[in-house]
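Every chain is numbered from 1 and lettered A, B, ... according to where its sequence line falls, protein lines coming before strand lines.
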2 protein chains.
Amino acid sequence: MADAAGVSLSTASLAFSGNKPVSDATRQRVLGAAESLGYTGPNPLARNLRQGRSGVVGIAVGQLSTAFRDPAALPMLDAVSEVLGAAGLGLLLMGDEDDHARLPLDAVIYDICGRETWAAYDAFVARGIPLVVVEGPTWPGTTFVDIDHRGGSAALARHLHDLGHRRVAVLTLEPSHPQRQREAGLRDVFPDAVVIGACASDHGAAQQLASDWFDSSPDATVLVCQSDVQAAAVVVEARRRGLSVPGDLSVAGFDGVPTPWLDLELTTIAQPLGDKGRAVARAALARIEGDDVEDVLLPVTLRVGSSTGPA
Amino acid sequence: MADAAGVSLSTASLAFSGNKPVSDATRQRVLGAAESLGYTGPNPLARNLRQGRSGVVGIAVGQLSTAFRDPAALPMLDAVSEVLGAAGLGLLLMGDEDDHARLPLDAVIYDICGRETWAAYDAFVARGIPLVVVEGPTWPGTTFVDIDHRGGSAALARHLHDLGHRRVAVLTLEPSHPQRQREAGLRDVFPDAVVIGACASDHGAAQQLASDWFDSSPDATVLVCQSDVQAAAVVVEARRRGLSVPGDLSVAGFDGVPTPWLDLELTTIAQPLGDKGRAVARAALARIEGDDVEDVLLPVTLRVGSSTGPA
DNA sequence: GGCTAGCATCGAAACGATTCGATCGAAACG
DNA sequence: CGTTTCGATCGAATCGTTTCGATGCTAGCC
């Protein structure tokens, strides 16, 4: 250790951490000795043990390739990473299969819906690790960050109603907390909207579902989707069949992400992805500090594009 | 601690870790005591310090939202995560801005090209942390995993030459190690291929570049792109201008990822993304064990689709 | 019966920092 | 000049494991 060159362990530690004042001369001596001995600074593992923190926050997103294929996931992840990084914390990706209960995490973010997919939830709760859940159900020991699914869907529904639409079809996500909220919002305006099927936010799956639906000679004048990816797939499939959007069918999405390969702007519910990520990260930070944290509900905005028109 | 209920610390440790045999009766007693005292198993931080390992591998990908917007990034990330997870290691996302030198990482993967973006490289080398570089230049202390950019590009070029094409335009990535290799492969066949511009693998940017190029009344019969995302954007833009693909212009991509919103199959160089990820992860694991690791060069395959045709 | 093996358990020494409280001088103050 | 104060430094305790070597004990062997 560098203290062979002049000072005590405690002083050397202070010279590196700056937790207490150290005279300039001493600091120079310590840093110089470290340099010449090839000492590269405090061992992070030892620091972590002493401080009882790992400096790492886990984020569970289900299967990685599925989770990030949806463009809505990225801006949020970016924001989370940015806020945590600024606080000196790292972000650890938790796939859905591995046993992450043995890793030293300061907090865990669940960015998927459905309690059943919360890997290692019990272990984390038992160890007292703060949990932040995005768009999931509330659960003991958990801080909750959500967007206004229901209000957004209702706003979209009113927009469609104003355009004269009465026969509404819905392409849903697989059953989940946000999905239920969105359906409720839609039914506030269209109680008898008809669900044509459910799939993940995936272009191929949505296009297949839309194709089957078109085959059934539907009479709806608008198809409401649960993501812009789904909506884009529906537009592509409609056109492939010679249908015009919004002439023959109006299509609405959710999320408000760019779909640059379409030459129209989707009508969609834009959610504040960056705000959501920042709220999540701040909640995690606060809980790590031991502060009490309120659940967060973020507003969404209806963004009217050119994929919806008069019935 | 649980040893208040019967045994010594060492035995309790063995009961949990299983590193040495412990009698069944003792194990039961230890586990029972742990249960009733609310002890949730060995503290990961302490274990890490003792063992000198954190169980976490970092992966640097540049800005997150940019890196993962490219669909080619995900299958590889998935494979990396799967192999590391099976070995009990976690994967930590390193954005390009933060100081990750203070985190306890067992190894670091650089999945971006260009030495200048290797955040904290010097610090990691100084601390003796194994580094694995994907598609980057070789560098001291580094294990290198790459695909055969040059051979793949040359194979594509021969395919185009066979189709009768002689006037070739190229849309490149920003300058980087793989980009240089790919250009070399192309020029093995078409020495005077003309570069029309460079951009990241991003739909919007590529479409803009293609648009400018079409405005210049080009005489090339084929446009070679460096990713399927770029190629898809070019196809979209060509059609928007009433050009047929491959009738008026052949288009080729790179990567071999699905482009479900196009109704044609891109001609492309398919790279083994899963294999690449697994090779990277295995290299990291081996280096963590202290083994010597050979650099890896993976083959690619030409996949002829319907976006290229006779000149 | 004595000796050797082998198994289960234990004690103590790391792992490498941070941090609390004490000490020691020198400066400031009356 | 005596006393207080403050800043810099130091010693020792602590974080919670894992692991090495030693110790007992039982069983097997000749």
How many whole angstroms separate atom [atom1] of [X] from atom [atom2] of [N]?
X      : N       : atom1 : atom2 : result
L9(A)  : dC20(C) : CG    : C1'   : 15 Å
D24(B) : dA8(C)  : CG    : C1'   : 12 Å
F16(A) : dA17(C) : CZ    : P     : 9 Å
N19(A) : dG7(D)  : CG    : P     : 16 Å

Would you mind reporting whether V132(B) and V57(B) have side-chain heavy atoms less than 4.5 Å apart?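 No, side chains not in contact.
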Under a 3.5 Å cut-off on both pairing distances, which runs of 3 or more consecutive Watson-Crick or G-U pairs involve DNA chain C?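 Paired runs of 3+ in DNA chain C: C:1-30 with D:1-30.
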Partners of F124(B) by ring pair (Phe, Tyr, Trp, His ring centres under 6.0 Å), sequence neighbours excluded?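 For F124(B) there are no ring pair (Phe, Tyr, Trp, His ring centres under 6.0 Å) partners, ignoring immediate neighbours.
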Listing time: all N or O pairs from protein to nucleotides 20-26 of chain D that are below 3.5 Å?
none

Quick one: ring pair (Phe, Tyr, Trp, His ring centres under 6.0 Å) pairs with a partner in residues 277-297 of chain B, sequence neighbours left out?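 Qualifying pairs: none.
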Sequence neighbours excluded - ring pair (Phe, Tyr, Trp, His ring centres under 6.0 Å) pairs with any residue from residues 71-102 of chain B: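 Of all non-adjacent pairs touching residues 71-102 of chain B, none passes ring pair (Phe, Tyr, Trp, His ring centres under 6.0 Å).
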Which residues pass the side-chain contact (heavy atoms from CB on, under 4.5 Å) test with [X], not counting sequence neighbours?
X       : result
S10(B)  : S8(B)
L77(B)  : L64(A), F68(A), L93(A), I59(B), F68(B), L91(B)
V125(A) : Y121(A), L131(A)

Could you please name the option among dA8(D), dT17(D), dA8(C) that lies closest to any side-chain atom of T26(B)?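 Nearest listed nucleotide: dA8(C).
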For a quick test of reading the model: is some side-chain N or O of [X] closer than 4.0 Å to OP1 or OP2 of [N]?
X      : N       : result
S8(A)  : dC10(D) : yes
S17(B) : dT18(D) : no
S13(B) : dT19(D) : no

Could you pull out all residues at least two apart from R282(A) that satisfy salt bridge (Lys or Arg N to Asp or Glu O under 4.0 Å)?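 So R282(A) forms no salt bridge (Lys or Arg N to Asp or Glu O under 4.0 Å) with any residue.
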Any residue meeting salt bridge (Lys or Arg N to Asp or Glu O under 4.0 Å) with D24(B), in chain and number order, not counting sequence neighbours: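 Partners of D24(B) by the salt bridge (Lys or Arg N to Asp or Glu O under 4.0 Å) criterion, ordered by chain and then number, come out as R27(B).
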Looking at R127(A) and G41(B), would you say the former's side chain and the latter's main chain have a donor-acceptor pair under 3.5 Å?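 Side chain of R127(A) to backbone of G41(B), a donor-acceptor pair under 3.5 Å: no, none is there.
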When you match P44(A) and P21(B) each to their closest nucleotide on DNA chain C, which lands nearer the 5' end?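 Nearer the 5' end of the strand: P21(B).
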Return a table of donor-acceptor pairs under 3.5 angstrom between the side chains of residues 102-109 of chain B and protein atoms on other chains or two or more places apart.
residue, atom, partner, partner atom, Å
D106(B), OD1, S54(B), N, 2.9
D106(B), OD1, S54(B), OG, 3.2
D106(B), OD2, S54(B), N, 3.3
D106(B), OD2, G55(B), N, 2.7

Could you list by number each residue of residues 46-56 of chain B showing a heavy-atom separation from DNA chain C of less than 4.0 Å, or answer none if no residue does?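 Listed by number, they are L49(B), R50(B).
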